[in-house]
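What follows is a short report on a single structure.
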Amino acid sequence: MSNFKQILVVGGAGYIGSHIVHDLCDAGYSVTIFDNLSTGLIENLDPRAEFFQGDILQLPDLQKAFSKPVDVVFHFAALKAAGESMLIPEKFSTNNITGTINLLNIMQAHAVKYIVFSSSAAVYGNPQYLPIDEKHPLQPINYYGYTKLVIEQVLDWYDRLKGLRYAALRYFNATGYDVKGRIRGKEKNPGNLSPIIMEVAAGTRPILQVFGDDYHTPDGTCIRDYIHVSDLAEAHLLAMNYLVEKEKSLIVNLGTGRGYSVLEMLETARKISGLPIPHTIGPRRPGDPPELYADCQLAAKLLQWKAKYSSVEQIIESMCHVYLG
Ligand SMILES: NC(=O)c1ccc[n+]([C@@H]2O[C@H](COP(=O)([O-])OP(=O)(O)OC[C@H]3O[C@@H](n4cnc5c(N)ncnc54)[C@H](O)[C@@H]3O)[C@@H](O)[C@H]2O)c1
């Protein structure tokens, strides 16, 4: 553990943030969670962490959160529904971009130098080659991805002008639930494949709609790189240590380097749950590339990190504990 002890986790009641909070508390850090609970869940808060209900759009809330010492900020707070971002971009500009700039400015005012930021593979847009490495052109195809790219650029300027050190972690498809079984609160209105499969398995959603089975992939359905949230959690702690020890900013992909198709995920869920999980094939969804998976060699080299929990079986098993009890 580094000398830095006071961690502020913005968005720490959310799906990914709550997992990182548990690992930070396990590692002995003193953690404060800052979250407006718009999508976050009280039940996923680690009781060892202090909770402050606040909004990054409200400067008085941020001022209160920074009235106690902070060494490192983890920033998960964002809107993430790519489809909605194309319909109501202004909501995403405000929450994601303005909210992050508020956070960076208050960090400057309090001389807080380190931030670990949730970026996304959405910064790349349609793959021009596979696997996608960090040098791939940055051409987001939805406004959500654009907000992440803008924030990465602001981070880079603050690094050059103000000495901020940041880790921009470009997650591929975050999935699964805590391998230690501590997080039980399910995401509300999930947009990702695996929670939707599990909702159908649990009977809270009638059927899985598959968007196209005529892609040029082995079974015709889209292939994505699913990274277990417990693997993401490990990478976040390593990224924090990298920033503090090396005094250098960092941009890395976090994925597994291999993809699974929609039908592979579904078949594994059927096998592990023993449930039929009905599905129907619908038309392709505009803007869905057939295949997306990461080149993760840079994260392996810089952070000595590699996904350990992200086989399709481990992912589905961890979700069955939460969705099927
Ligand atoms: N889930 C994925 O597959 C994925 C992939 C790539 C990147 N990301 C990014 O990772 C981060 C976390 O995603 P998640 O899946 O945990 O989403 P989530 O919605 O579960 O978590 C976001 C958290 O931030 C809080 N929040 C949102 N706006 C806020 C505001 N204005 N002030 C204070 N708190 C606010 C929410 O209440 C929630 O607890 C996001 O930045 C997202 O864009 C997620």
Looking at Leu302, is its backbone amide N or carbonyl O close enough to the side chain of Tyr242 to form a donor-acceptor pair, meaning the two atoms are under 3.5 Å apart?
no
Taking atom NZ of Lys162 as the centre, report whether more than 12 heavy atoms of other residues, nucleotides or ligands fall under 6.0 Å from it.
no
To the closest 0.5 Å, what do you measure between NZ (Lys135) and CG (Leu298)?
7.5 Å
side-chain contact (heavy atoms from CB on, under 4.5 Å) between Glu84 and Phe92: does it pass, once the steps are laid out?
CA-CA 9 Å; Glu84 189 191 11; Phe92 285 70; 3.8 Å; yes
I need the minimum non-hydrogen distance between Gly287 and Asn126, along with the two atoms involved.
O-OD1, 4.1 Å
Which atom pair, heavy atoms only, marks the closest approach of Val21 to Ala49?
CG1-CB, 4.0 Å
Check whether any side-chain heavy atom of Val322 sits under 4.5 Å from a side-chain heavy atom of Ile183, and report yes or no.
no
Measuring from atom OG of Ser249 to atom CG of Leu243, what distance do you get when rounded to the nearest 0.5 angstrom?
6.5 Å
Could you check whether the rings of Tyr323 and Tyr177 sit parallel, tilted or perpendicular, using 30° and 60° as the cut-offs?
perpendicular
Please check: side-chain N/O of Arg270 versus main-chain N/O of Pro276, any donor-acceptor pairing under 3.5 Å?
yes
For the pair Asn253 (side chain) and Asp295 (backbone), establish whether a donor and an acceptor sit closer than 3.5 Å, ignoring hydrogens and angles.
yes
Would you say Lys68 has more than 12 foreign heavy atoms packed within less than 6.0 Å of its NZ?
yes
Side-chain contact, heavy-atom cut-off 4.5 Å: Phe66 with Leu103?
yes
Heavy atoms, side chains only, cut-off 4.5 Å: are Val262 and His279 in contact?
no
Could you tabulate the donor-acceptor pairs under 3.5 Å formed by side-chain atoms of residues 190-201, not counting sequence neighbours?
from: Ser194; atom 1: OG; to: Thr175; atom 2: OG1; distance (Å): 2.5
from: Glu199; atom 1: OE1; to: Arg205; atom 2: NE; distance (Å): 2.9
from: Glu199; atom 1: OE1; to: Arg205; atom 2: NH2; distance (Å): 3.0

Side chains of Glu291 and Tyr215, heavy atoms from C-beta outward: is any pair under 4.5 Å?
no
Counting distance only, does the side-chain N/O of Trp305 pair as donor-acceptor with the main-chain N or O of His236 below 3.5 Å?
no
Does any N or O in the side chain of Asp61 come within less than 3.5 Å of the main-chain N or O of Asp55, such that one atom is a donor and the other an acceptor?
yes
Over all heavy atoms of both residues, which pair between Gly176 and Ser318 is shortest? Give the atoms and the distance, please.
CA-OG, 3.5 Å
Can you see which heavy atom on Tyr260 is nearest to which on Tyr226, and at what distance?
O-CE1, 3.6 Å
One pair to check against side-chain hydrogen bond (donor to acceptor under 3.5 Å, both in side chains): Ser30 and Gln6. What are the steps and the verdict?
CA-CA 5 Å; Ser30 164; Gln6 309 290 337; 3.1 Å; yes
Ile115, Ile151, Val154, Val150 screened by side chain to side chain contact (heavy atoms under 4.5 Å, CB included) with Thr100, the one that passes:
Ile151
Going by side-chain hydrogen bond (donor to acceptor under 3.5 Å, both in side chains), Ser119 matches just one of Lys148, His75, Glu152. Which one?
Glu152
Minimum side-chain heavy-atom gap Tyr293-Leu130 below 4.5 Å:
yes
Under 3.5 Å, is there a donor-acceptor pair between the side chain of Gln128 and the main chain of His136?
no
Nearest 0.5 Å, please: how far is CZ in Phe172 from OG1 in Thr256?
9.5 Å
Between Arg182 and Asp23, is the side-chain contact (heavy atoms from CB on, under 4.5 Å) condition met? List the steps.
CA-CA 11 Å; Arg182 297 165 297 185; Asp23 278 13; 3.1 Å; yes
Under 4.5 Å between side-chain heavy atoms, hopping through other hydrophobics if needed: is there a path connecting Val73 to Ile33?
no
Using atom types as modelled and distance alone, determine if a side-chain donor or acceptor of Asp213 lies under 3.5 Å from a backbone N or O of Gly220.
no
Backbone N/O of Asp214 and side chain of Arg284: donor-acceptor pair under 3.5 Å
yes
Where is the tightest heavy-atom contact between Asn142 and Ser85, given as atom of each residue plus distance?
CB-OG, 4.2 Å
Which is it for Phe34 and Glu50 under the side-chain contact (heavy atoms from CB on, under 4.5 Å) test, yes or no, and what are the steps along the way?
CA-CA 9 Å; Phe34 180 96; Glu50 199 179 312; over 6 Å; no
Tell me if a side-chain donor or acceptor on Ser310 pairs with a main-chain N or O of His228 at a distance below 3.5 Å.
yes
Do Phe76 and His19 have ring centres separated by under 6.0 Å?
no
Heavy-atom pair of closest approach, residues Ser261 and Asp219
OG-OD2, 2.6 Å
Mind running side-chain contact (heavy atoms from CB on, under 4.5 Å) on Glu234 and Tyr309 for me, showing each step along the way?
CA-CA 11 Å; Glu234 286 191 8; Tyr309 308 112; 3.3 Å; yes
Measuring only between side-chain heavy atoms, which start at C-beta, is Leu266 closer than 4.5 Å to Leu263?
yes
Check whether any side-chain N or O of Ser230 sits under 3.5 Å from a backbone N or O of Val179 as a donor-acceptor pair, and report yes or no.
yes
Verify same cluster id: Leu164, Val72 (apolar side-chain graph, 4.5 Å):
no
With the 4.5 Å side-chain cut-off for hydrophobic clustering, are Val112 and Trp157 part of the same group?
no
Atom pair OH (Tyr146) and CG (Asn96), whose distance is rounded to the nearest 0.5 Å
12.5 Å
Tell me, with the steps shown, if Asp71 and Lys5 meet salt bridge (charged side-chain N to carboxylate O under 4.0 Å, His left out).
CA-CA 7 Å; Asp71 296 317; Lys5 291 200 64 123; over 6 Å; no
Are Ile101 and Val10 linked, directly or through other ILVMFWY residues, by side chains that come within less than 4.5 angstrom of each other?
yes
Ion pair present between Arg258 and Glu264, side-chain N to carboxylate O less than 4.0 angstrom?
yes
In Å, rounded to the nearest 0.5 Å, how long is the span from CG of Asp35 to CG of Asn44?
10.5 Å
Could you tell me whether Asp133 and Arg170 make a salt bridge, using a distance below 4.0 angstrom between a side-chain N and a carboxylate O?
no
Could you grab the distance from atom CG of Asn102 to atom CD of Gln63, nearest 0.5 Å is fine?
10.0 Å
Check whether any side-chain heavy atom of Leu237 lies under 4.5 Å from a side-chain heavy atom of Leu24, and answer yes or no.
yes
Quick one, Leu238 and Gln304 - any side-chain contact, counting heavy atoms below 4.5 Å?
no
Under 6.0 Å from the CD atom of Glu187, do we count more than 12 heavy atoms belonging to anything else shown?
yes
